[in-house]
Amino acid sequence: QVQLVESGGGLVQAGGSLRLSCAASGRAFSTYGLGWFRQAPGKEREFVAAITSNVNTYYAEFVKGRFTISRDNAKNTVYLQMNSLKPEDTAVYYCAAAQWLTSTVRAPNPSTYDYWGQGTQVTVSS
């Protein structure tokens, strides 16, 4: 079992930055691939970024060059650094975990992941 707890959300002006964190409990964190997804009101959950257990990264097109995903296995934590934020980035951001995820091909599919956090709200004002 893995429990995921997101933090770092908040209100920021357009052009600003936030860093989201997702702390995981449980063992063998390094064997998990981690993903970030987001869901805006009235919209479906969408893939944002992922980092595999072998530290390959993959991003949705709309965040390339602005967001960076990273992980610290010693701290059982995955991060999402978000720069140049836009109002359309406003959403609840969720992290998710899948054991032995080594391929970025499966990373954008929510059904790949076995564990999900509760989410953290990010609001970008114009």
Side-chain angles (χ1 to χ4, degrees):
Q1 282 284 355
V2 174
Q3 291 185 324
L4 303 171
V5 179
E6 302 96 335
S7 62
L11 173 64
V12 65
Q13 288 189 331
S17 299
L18 283 174
R19 188 176 81 155
L20 305 183
S21 300
C22 176
S25 64
R27 302 173 69 177
F29 177 78
S30 63
T31 67
Y32 284 82
L34 292 306
W36 285 97
F37 291 76
R38 69 186 188 185
Q39 188 166 19
K43 295 188 177 181
E44 293 187 355
R45 190 169 298 190
E46 63 180 354
F47 170 76
V48 176
I51 186 165
T52 65
S53 56
N54 52 348
V55 204
N56 291 317
T57 58
Y58 184 69
Y59 296 92
E61 198 63 36
F62 55 81
V63 303
K64 282 184 179 178
R66 299 191 298 127
F67 292 10
T68 303
I69 189 170
S70 61
R71 64 189 298 162
D72 185 338
N73 289 339
K75 296 182 178 180
N76 280 19
T77 301
V78 61
Y79 304 98
L80 185 68
Q81 177 67 44
M82 305 187 296
N83 299 329
S84 302
L85 283 161
K86 305 175 182 180
E88 51 264 44
D89 293 318
T90 295
V92 177
Y93 283 70
Y94 299 89
C95 70
Q99 197 166 28
W100 305 119
L101 177 63
T102 58
S103 168
T104 56
V105 172
R106 297 171 53 216
N109 189 339
S111 64
T112 294
Y113 300 86
D114 304 305
Y115 305 100
W116 291 82
Q118 293 299 307
T120 185
Q121 176 71 47
V122 171
T123 303
V124 185
S125 64
S126 57

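Counting begins at 1 with the first residue of the sequence.
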Identify the two heavy atoms, one from [X] and one from [Y], that lie closest to each other, and give their separation to 0.1 Å.
X	Y	result
Ala97	Leu34	CB-CD1, 3.6 Å
Asp72	Phe29	O-CE2, 4.0 Å
Tyr58	Pro108	CE2-CG, 3.3 Å
Thr77	Ser21	CG2-CB, 4.2 Å
Phe67	Val48	CD2-CG1, 3.7 Å

Do the non-hydrogen side-chain atoms of Phe62 and Glu46 ever get within less than 4.5 Å of each other? yes
Flag the pair Asp89 / Arg66 as yes when at least one side-chain heavy-atom distance between them is below 4.5 Å, and no otherwise. yes
What distance separates [X] [atom1] from [Y] [atom2], expressed to the nearest 0.5 Å?
X	Y	atom1	atom2	answer
Leu4	Ser25	CG	OG	7.0 Å
Ser30	Asn54	OG	CG	11.0 Å
Phe37	Leu80	CZ	CG	12.0 Å
Leu11	Thr90	CG	OG1	8.5 Å
Gln81	Leu18	CD	CG	8.5 Å
Tyr32	Ser53	OH	OG	11.0 Å

Would you say [X] and [Y] are hydrophobically clustered, going by side-chain heavy atoms of ILVMFWY under 4.5 Å?
X	Y	value
Val5	Val92	no
Ile51	Leu101	no
Tyr115	Ile69	yes

May I have the list of side-chain donor-acceptor pairs in residues 116-126 shorter than 3.5 Å, sequence neighbours left out?
{"from": "Thr120", "atom 1": "OG1", "to": "Gly9", "atom 2": "N", "distance (Å)": "3.2"}
{"from": "Gln121", "atom 1": "NE2", "to": "Ala91", "atom 2": "O", "distance (Å)": "3.4"}
{"from": "Gln121", "atom 1": "NE2", "to": "Thr123", "atom 2": "OG1", "distance (Å)": "3.3"}

Go through Phe47 and Asn109 one step at a time and tell me if the side-chain contact (heavy atoms from CB on, under 4.5 Å) criterion holds. CA-CA 7 Å; Phe47 170 76; Asn109 189 339; over 6 Å; no
I'd like to check the salt bridge (Lys or Arg N to Asp or Glu O under 4.0 Å) partners of Glu44; sequence neighbours left out, ordered by chain and number. none
Could you tell me if Arg19 sits above the aromatic ring of Tyr79, with its cationic atom closer than 6.0 Å to the ring centre and no more than 45 degrees from the axis? yes
Would you say the side-chain atoms of [X] pair up with the backbone N or O of [Y], donor to acceptor, closer than 3.5 Å?
X	Y	answer
Tyr113	Ala107	yes
Glu6	Leu20	no
Arg71	Gly33	no

Strictly by side-chain hydrogen bond (donor to acceptor under 3.5 Å, both in side chains), give each pair with a member in residues 91-106 just once, sequence neighbours left out. Thr31-Gln99, Arg38-Tyr93
